[in-house]
Amino acid sequence: MSLRFYNTLTRQKEDFMPRDPGAVGMYVCGITAYDVCHVGHARSAVVFDVIYRYLKYRGYNVNFVKNFTDVDDKIIARAASQGLDIFQVSDRFIKKHNDDMDRLGVSRPTVTPKATENIKGMIRLISTLLEKGFAYSVEGDVYFSVESFPNYGRLSGRRLEDMEAGARVEIDERKRNPYDFALWKSSKEGEPWWDSPWGRGRPGWHIECSVMSQRYLGDTFDIHGGGEDLIFPHHENEIAQSEAATGKPFARYWIHNGFIKVDNEKMSKSLGNVCSIEEILEKYHPEVLRLFILQSHYRSYIDFTETSLQEARAGLERFYAVMKGIKDALSVDVDCSQIMPRNLSGLDHEIYEKIETLPERFVDSMDDDFNTARALGCLFDVVRLINGYFAELKSACSPESLFVLAAGRSTLKELGKVLGLLADDPDDYFIADRNREVLKRGLDVAAIESLIAERSEARTQKNWGRADEIRKSLAERGVILKDSPTETLWSVA
RNA sequence: GGCGGCAUAGCCAAGUGGUAAGGCAACGGUCUGCAAAACCGUUAUUCUCCGGUUCGAAUCCGGAUGCCGCCUCCA
């Protein structure tokens, strides 16, 4: 079996064969640093993080480049409106982005270059395009001529003639074709600028990715990714610039993630339904957001609602509950060092064997276009398996069964790690979850605990009426009680 | 106007020719003083509709309907 995934360029699933066996060069378009990151950025980041992690899990040496766009119209506008320079704006949002990503458990790419660190390379590339006749300069601006590049439109599946019929682009008299795009823009008064052969100016949006991918990954590299909205024009333009300049193929495989909708509407600033990562993480564990994202295939739309997050939270709780169960079972001091898998018998053997098949099923799912939804299904199967095993064991854990449980835990954790899940200690998870819910609902912990104490007292006196009354009143506030032989624990629904 | 996608149970969601994963929710059972959690069982004879291909289709083809995206900054 080998990894295969959907290539936007060919519109079909293809077997993945990197240029250099064992090594992968991957470039993903990062953010334009002019505002805080929202749930859509989170999806893209999590999806490519999982792809990155999975490639590494499959043994590839991955060089993962993700850029920051730190000069562009929106940054300039934001800086101007606040009386700042563009770096004050971009630095602030890059830092914020990194904080959000760290909290989400998104691993840092190998290299995270910034556009403004690559101005010289851009000027060099633009000069090459001018020399080769793919670009022209007008009054300090330089445009790429789309008609000079025969394959223009291949990635997005459109033809220039068709697009012109739509005629939704502004007509700029200085352009030879309405779809010609700026490689270099002359800077107006007050805008940031760099010296260039065409006068003081700043780069167009697309050129940076061509330059940075070439710099860190070479003329031709394996995977280029981003949100599906980038297919046109951004990625189309990157291909045109890069291939025109080098004469070589650019990215070999293109991966695009689908969008997030909010309450079934497109998320956009104008609709005012943009939800920042920070806001979500105030209300949910980061892995809840990851689970929500990974329960759908990366190319489909997903609808982001309060309900869907609650469901993801319930699912994650199922994972952590089994991890907690295993942790508690293993907290007894029993020596398992003499146990060999081949000596297991009966139920222990049966469960162990089933756990052993999990990585294979997981890989089968992930190999098929990074099918995280199916992979999660496999993990949930094992959760049910282990819970069933627990039920069979009652509380009589033999060294053999503890060995099996430990194996189950390490398999779940190992595969969870590929998805960026189950990284927390289960006790910490439940404590943090409860604290978060208490805050969210404005619950009074002292009052809850004093009611629980009163109920415990009632229970020792077998005053079941009073005990149940308290249980009911707490339940109305969302507080769920769990009685154990020694104590009463509580959580928030 | 051009290009493209999607339609699977109450909800979310896998499944691309061999007889419908998984999660949430609900109900019944076991356990429990009662609960919670967990386990077992039930919940789509059927995958928007109509035709076609095939021994066989949710899966392929044609058509209809509905929803959505891109073509303009956007993850």
Side-chain angles (χ1 to χ4, degrees), chain A residues 11 13 28-32 34-35 37-48 72-74 77 153 156-159 161-170 179 205 225-234 236 256-261 264-270 274 291-292 295-297 299-303 305 307-308 310-319 321-322 324-325 361 365 368 371-381 383-392 394 459 462-465 467-468 471-472 475 480-485 488-491 493:
Chain A
R11 287 177 184 69
K13 284 187 200 172
V28 173
C29 291
I31 59 157
T32 298
Y34 76 105
D35 205 349
C37 292
H38 52 66
V39 61
H41 295 106
R43 184 182 193 188
S44 186
V46 167
V47 162
F48 287 104
D72 113 312
D73 292 351
K74 291 189 294 294
S156 53
R158 40 190 105 206
R159 297 174 306 165
E161 308 89 83
D162 293 341
M163 293 196 293
E164 282 163 32
R168 277 181 63 179
V169 279
E170 282 177 45
Y179 285 93
W205 172 35
E228 65 175 1
D229 57 313
L230 297 179
I231 295 172
F232 189 90
H234 185 52
E236 197 69 73
H256 293 96
N257 66 276
F259 261 45
I260 281 191
K261 295 198 288 185
N264 212 31
E265 272 188 320
K266 181 175 170 166
M267 184 171 69
S268 74
K269 299 222 162 142
S270 55
V274 175
L291 183 62
F292 163 70
Q295 268 185 315
S296 301
H297 186 87
R299 273 188 285 117
S300 59
Y301 291 102
I302 48 180
D303 192 20
T305 63
T307 312
S308 55
Q310 279 296 350
E311 288 180 8
R313 173 174 170 250
L316 188 64
E317 211 166 285
R318 195 167 154 76
F319 278 124
V322 80
K324 164 88 173 137
R361 293 197 298 135
S365 303
D368 184 10
N371 196 330
T372 53
R374 206 164 88 202
L376 279 164
C378 300
L379 294 191
F380 276 114
D381 283 341
V383 169
R384 187 166 3 86
L385 184 75
I386 293 174
N387 279 330
Y389 184 49
F390 262 125
E392 284 294 320
K394 312 279 192 253
R459 288 182 72 220
K462 298 207 189 310
N463 183 352
W464 307 127
D468 290 348
R471 175 194 291 290
K472 197 176 163 214
I480 309 290
L481 301 183
K482 180 187 174 188
D483 294 323
S484 81
T488 295
L489 301 173
W490 64 279
S491 61

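Treat the numbers as computed from the prediction; the structure is a model and nothing was measured. By convention in this document, chain letters (A, B, ...) are assigned in the order of the sequence lines, proteins followed by strands, and residues within each chain are numbered from 1.
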Next on the checklist: Please evaluate residues A:D72 and A:T32 with respect to the criterion side chain to side chain donor-acceptor pair (under 3.5 Å), reporting the C-alpha separation (whole Å), side-chain torsions for both, the decisive distance (0.1 Å), and the verdict.
Outcome noted: CA-CA 8 Å; A:D72 113 312; A:T32 298; 4.6 Å; no
Checklist entry - Would you say A:R318 and A:R384 make side-chain contact, with heavy atoms under 4.5 Å? => result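 Side-chain contact under 4.5 Å: yes.
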Checklist entry - With side chains defined as the heavy atoms from C-beta onward, is the minimum distance between A:I31 and A:H41 less than 4.5 Å? => result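 Yes, close enough: below the 4.5 Å cut-off.
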Checklist entry - Of the candidate nucleotides B:U16, B:C12, B:A36, which contains the atom at the shortest distance from the side chain of A:D368? => result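 Side chain of A:D368 sits closest to B:U16.
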Checklist entry - What nucleotide among B:A21, B:C70, B:A38 has an atom nearest to a side-chain atom of A:R158? => result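 Selected nucleotide: B:C70.
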Return the pairing partner of [N] with a 3.5 Å limit on both distances, Watson-Crick or G-U wobble; otherwise return none.
N     : result
B:A44 : none
B:A37 : none
B:U59 : none
B:C67 : B:G5
B:A21 : none
B:U32 : none

Whether [X] contacts [N] is assessed here as follows: a side-chain N or O lying under 4.0 Å from the phosphate OP1 or OP2. Is that the case?
X      : N     : answer
A:Y179 : B:U72 : yes
A:N371 : B:G15 : yes
A:R318 : B:A38 : yes
A:R384 : B:G22 : yes

Can you measure [X] atom [atom1] to [N] atom [atom2] for me and round it to whole angstrom units?
X      : N     : atom1 : atom2 : value
A:R374 : B:A20 : CZ    : C1'   : 14 Å
A:K13  : B:U16 : NZ    : P     : 6 Å
A:I231 : B:U72 : CD1   : P     : 14 Å
A:F380 : B:C39 : CZ    : P     : 11 Å
A:R299 : B:G15 : CZ    : C1'   : 14 Å
A:L376 : B:A21 : CG    : P     : 17 Å
A:F232 : B:G69 : CZ    : P     : 19 Å
A:N387 : B:G22 : CG    : P     : 15 Å

Integer angstrom distance from the [atom1] of [N] to that of [M]:
N     : M     : atom1 : answer
B:A36 : B:C27 : P     : 10 Å
B:G41 : B:C24 : P     : 16 Å
B:G5  : B:U16 : C1'   : 16 Å
B:A13 : B:C6  : P     : 14 Å
B:A57 : B:A20 : C1'   : 13 Å
B:G63 : B:U53 : C1'   : 15 Å
B:C40 : B:C49 : C1'   : 38 Å
B:A9  : B:G22 : C1'   : 14 Å

Does [X] have any side chain to side chain donor-acceptor pair (under 3.5 Å) partners at least two apart in sequence or in another chain, and if so, which?
X      : value
A:K482 : none
A:W490 : A:E449
A:T305 : A:S308

Item to check | A:F232: partners by ring-ring contact (aromatic ring centres under 6.0 Å, His included), with sequence neighbours left out | outcome: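 For A:F232 there are no ring-ring contact (aromatic ring centres under 6.0 Å, His included) partners, ignoring immediate neighbours.
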Checklist entry - Reckon A:A373 touches a base, only the sugar-phosphate, or nothing at all at heavy-atom distances under 4.0 Å? => result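 It contacts base atoms.
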Next on the checklist: Any base atoms under 4.0 Å from A:S296, or only sugar-phosphate, or nothing? Heavy atoms, all strands.
Outcome noted: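 Since only primed, P, OP1 and OP2 atoms lie under 4.0 Å of A:S296, the category is sugar-phosphate.
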Next on the checklist: For the residue pair A:N371 / A:S365, report whether a side-chain donor-acceptor contact shorter than 3.5 Å exists.
Outcome noted: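 Note: A:S365 and A:N371 side chains miss the donor-acceptor criterion.
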Item to check | Test: A:K74 and A:D35 ion pair at under 4.0 Å | outcome: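 Looking at A:K74 and A:D35, the cut-off is not met.
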Next on the checklist: Whether A:D483 and A:R471 form a salt bridge (side-chain N of Lys/Arg under 4.0 Å from carboxylate O of Asp/Glu) is what I want to check.
Outcome noted: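 Yes, this pair counts.
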Item to check | Residue closer to the 5' end of RNA chain B, A:I480 versus A:E311 (nearest nucleotide) | outcome: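 On the 5' side of the pair lies A:E311.
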Next on the checklist: Both A:G388 and A:D303 contact RNA chain B. Which one's nearest nucleotide lies toward the 5' end?
Outcome noted: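 In this pair, the answer is A:D303.
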Next on the checklist: For A:G258, is there any backbone N or O sitting under 3.5 Å from a side-chain donor or acceptor partner on A:R43?
Outcome noted: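 Flag set: sc A:R43 to bb A:G258 pair under 3.5 Å.
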Checklist entry - For A:G153, does its backbone N or O pair with a side-chain atom of A:E236 as donor and acceptor, under 3.5 Å? => result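 Pair found, side chain donor or acceptor close to backbone of A:G153.
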For nucleotides 73-75 of chain B, give me every protein contact, N/O to N/O, under 3.5 Å, one pair per line with atom names.
{"unit_1": "B:C73", "atom_1": "O2'", "unit_2": "A:K74", "atom_2": "NZ", "d": "2.4"}
{"unit_1": "B:C74", "atom_1": "N3", "unit_2": "A:K266", "atom_2": "NZ", "d": "3.2"}
{"unit_1": "B:A75", "atom_1": "OP1", "unit_2": "A:H41", "atom_2": "NE2", "d": "2.8"}
{"unit_1": "B:A75", "atom_1": "O5'", "unit_2": "A:H41", "atom_2": "NE2", "d": "3.3"}
{"unit_1": "B:A75", "atom_1": "O2'", "unit_2": "A:G227", "atom_2": "N", "d": "2.6"}
{"unit_1": "B:A75", "atom_1": "N1", "unit_2": "A:I260", "atom_2": "N", "d": "2.9"}
{"unit_1": "B:A75", "atom_1": "N3", "unit_2": "A:G40", "atom_2": "O", "d": "3.2"}

Checklist entry - Where along nucleotides 29-35 of chain B does protein come under 4.0 Å, by heavy atom, of base (B) or sugar-phosphate alone (S), with - for untouched nucleotides? => result ----BBB
